[in-house]
Amino acid sequence: MHVLILGGTTEARRLAETLHGGPVRVTSSLAGRVAAPRLPPGGVRVGGFGGADGLARWLREHRVDALIDATHPFAGTISFNAAGAAAATHVPLLALRRPSWAAVDGDDWHPVGSLAEAADALPALGSRVFLTTGRMGLAAFAHLDGLWFLVRSVDATEPPQPRETRVLLDRGPFTLDGERELLRRHRIDVLVTKDSGGAATAPKLVAAREAGIPVLVVRRPPVPAGVPVAAGPEEAAAWVRHFSG
């Protein structure tokens, strides 16, 4: 049985580790947006497929028996391409999505539907921004000249980006003590994040709650209709084993 994992996330790598060495042949596909990704075991390919048609062609040519979309919750285009390709080839498709974050008592969350909405809401909430939405979306904030931004990213950023920007190159998981110190040292008074879920980057939310800092949370896009969802690698591995017999 050949399984293609559309990856790039911690959950995708853990799924590949769980399946590797067994009767299932695993190929992980990475988008190639990170310069030095942590490679999973098994086969690895890097780069796009050329839309839903290109992915469908790859599934046929490489005799893929099951497809798992374990991409980032905000990688919406590839998720819909996966749904289209799976439908065209009759290959079973599963979405592996870490659960969303949930606000608790003491949180001052402001949910928004997009980065553009977050940029519109920012000036009313603070002036020293901790922006953790990734380097690909900086253009949405580039016009906000009156604010100071601390941008955390795995790779170096590129313009357009806000005029007053300091870039912190780092990769999770992050500790609560580290996030507390970061907010204090840079005098952060508002946090912007995507609802990526998971534990690796959640400590910033706790640190913001403790400091009484408002948080703009960009809601994640929906999974394509009709696609079953697994909440973790073990559940996804059980789904694979069901098809492998």
Side-chain angles (χ1 to χ4, degrees), residues 1-34 36-101 134 136 154 172-173 194-201 219-245:
M1 180 178 183
H2 186 194
V3 176
L4 175 63
I5 301 174
L6 304 177
T9 60
T10 299
E11 290 77 15
R13 189 171 62 254
R14 288 176 178 167
L15 175 59
E17 291 169 351
T18 300
L19 296 175
H20 183 64
V24 177
R25 175 189 168 202
V26 178
T27 300
S28 296
S29 178
L30 308 181
R33 292 179 177 174
V34 176
R38 297 173 179 171
L39 297 180
V44 176
R45 68 170 302 279
V46 178
F49 291 94
D53 290 343
L55 177 53
R57 184 165 52 252
W58 202 95
L59 296 177
R60 294 188 186 99
E61 291 175 353
H62 295 267
R63 300 177 182 270
V64 172
D65 300 294
L67 176 62
I68 299 179
D69 172 18
T71 56
H72 192 277
F74 284 83
T77 299
I78 185 60
S79 295
F80 281 89
N81 286 345
T89 57
H90 306 288
V91 171
L93 169 64
L94 176 75
L96 173 53
R97 291 288 184 272
R98 66 188 76 153
S100 293
W101 288 320
M136 305 301 291
V154 175
K194 292 177 177 179
D195 178 19
S196 57
T201 58
R219 292 186 292 266
R220 61 174 64 177
V223 173
V227 177
V229 179
E234 289 299 333
E235 185 179 342
W239 181 85
V240 171
R241 296 184 184 110
H242 169 76
F243 285 101
S244 65

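Contact check for Arg14 versus Leu19: no side-chain heavy atoms found under the 4.5 Å cut-off. Side chains of Ser29 and Trp58 form no contact here, defined as non-hydrogen atoms less than 4.5 Å apart. Here the side chains of Arg241 and Thr18 are in contact, with some heavy-atom distance below 4.5 Å. Considering only heavy atoms from C-beta on, Leu4 stays 4.5 Å or farther from His62 through its side chain. Between His242 and Pro92 the shortest side-chain heavy-atom distance does not fall below 4.5 Å.
Looking at Ser100 and Arg220, their side chains do bring a donor and an acceptor atom within 3.5 Å of each other. With 3.5 Å as the limit, one finds no donor-acceptor pair spanning the side chains of His72 and Ser196.
To the nearest 0.5 angstrom, Leu59 atom CG is 9.0 Å from His2 atom NE2. Within the model, atoms CZ of Arg63 and OG1 of Thr89 stand 13.5 Å from one another, a figure rounded to the nearest 0.5 Å. To the nearest 0.5 Å, the span separating CG on Leu15 from OG1 on Thr10 amounts to 12.5 Å. Atom-to-atom distance recorded for Leu39:CG and Arg13:CZ is 9.5 Å, nearest 0.5 angstrom.
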Working note: Asp65 + Arg25, criterion side-chain contact (heavy atoms from CB on, under 4.5 Å); need CA distance, chi angles, decisive distance, verdict. CA-CA 10 Å; Asp65 300 294; Arg25 175 189 168 202; over 6 Å; no
Test side-chain contact (heavy atoms from CB on, under 4.5 Å) applied to Ile68 and Glu11, step by step: CA-CA 11 Å; Ile68 299 179; Glu11 290 77 15; over 6 Å; no
side-chain contact (heavy atoms from CB on, under 4.5 Å) evaluation trace for Val229 with Arg97: CA-CA 7 Å; Val229 179; Arg97 291 288 184 272; 4.0 Å; yes
Take Asp69 and Val227 through the side-chain contact (heavy atoms from CB on, under 4.5 Å) test and state the conclusion after the steps. CA-CA 10 Å; Asp69 172 18; Val227 177; over 6 Å; no
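When all heavy atoms of Leu96 and Ala231 are compared, the closest pair comes out as CD1-C, 4.0 Å. Scanning both residues, Gly7 and Leu30, for their nearest heavy atoms gives C-CD2, 4.1 Å. Nearest heavy atoms, Ala236 versus Ala230: N-CB, 3.9 Å. In this structure, Leu6 and Ala82 approach most closely via the heavy-atom pair CD1-CB, 3.8 Å. Arg60 and Ala88 get closest at one heavy-atom pair: NH2-O, 3.6 Å. Across Phe74 and Lys194, no two heavy atoms sit closer than the pair CE1-CB, 3.4 Å.
The one candidate from Val91, Ile5, Leu94 that meets the side-chain contact (heavy atoms from CB on, under 4.5 Å) condition with Leu67 is Val91.
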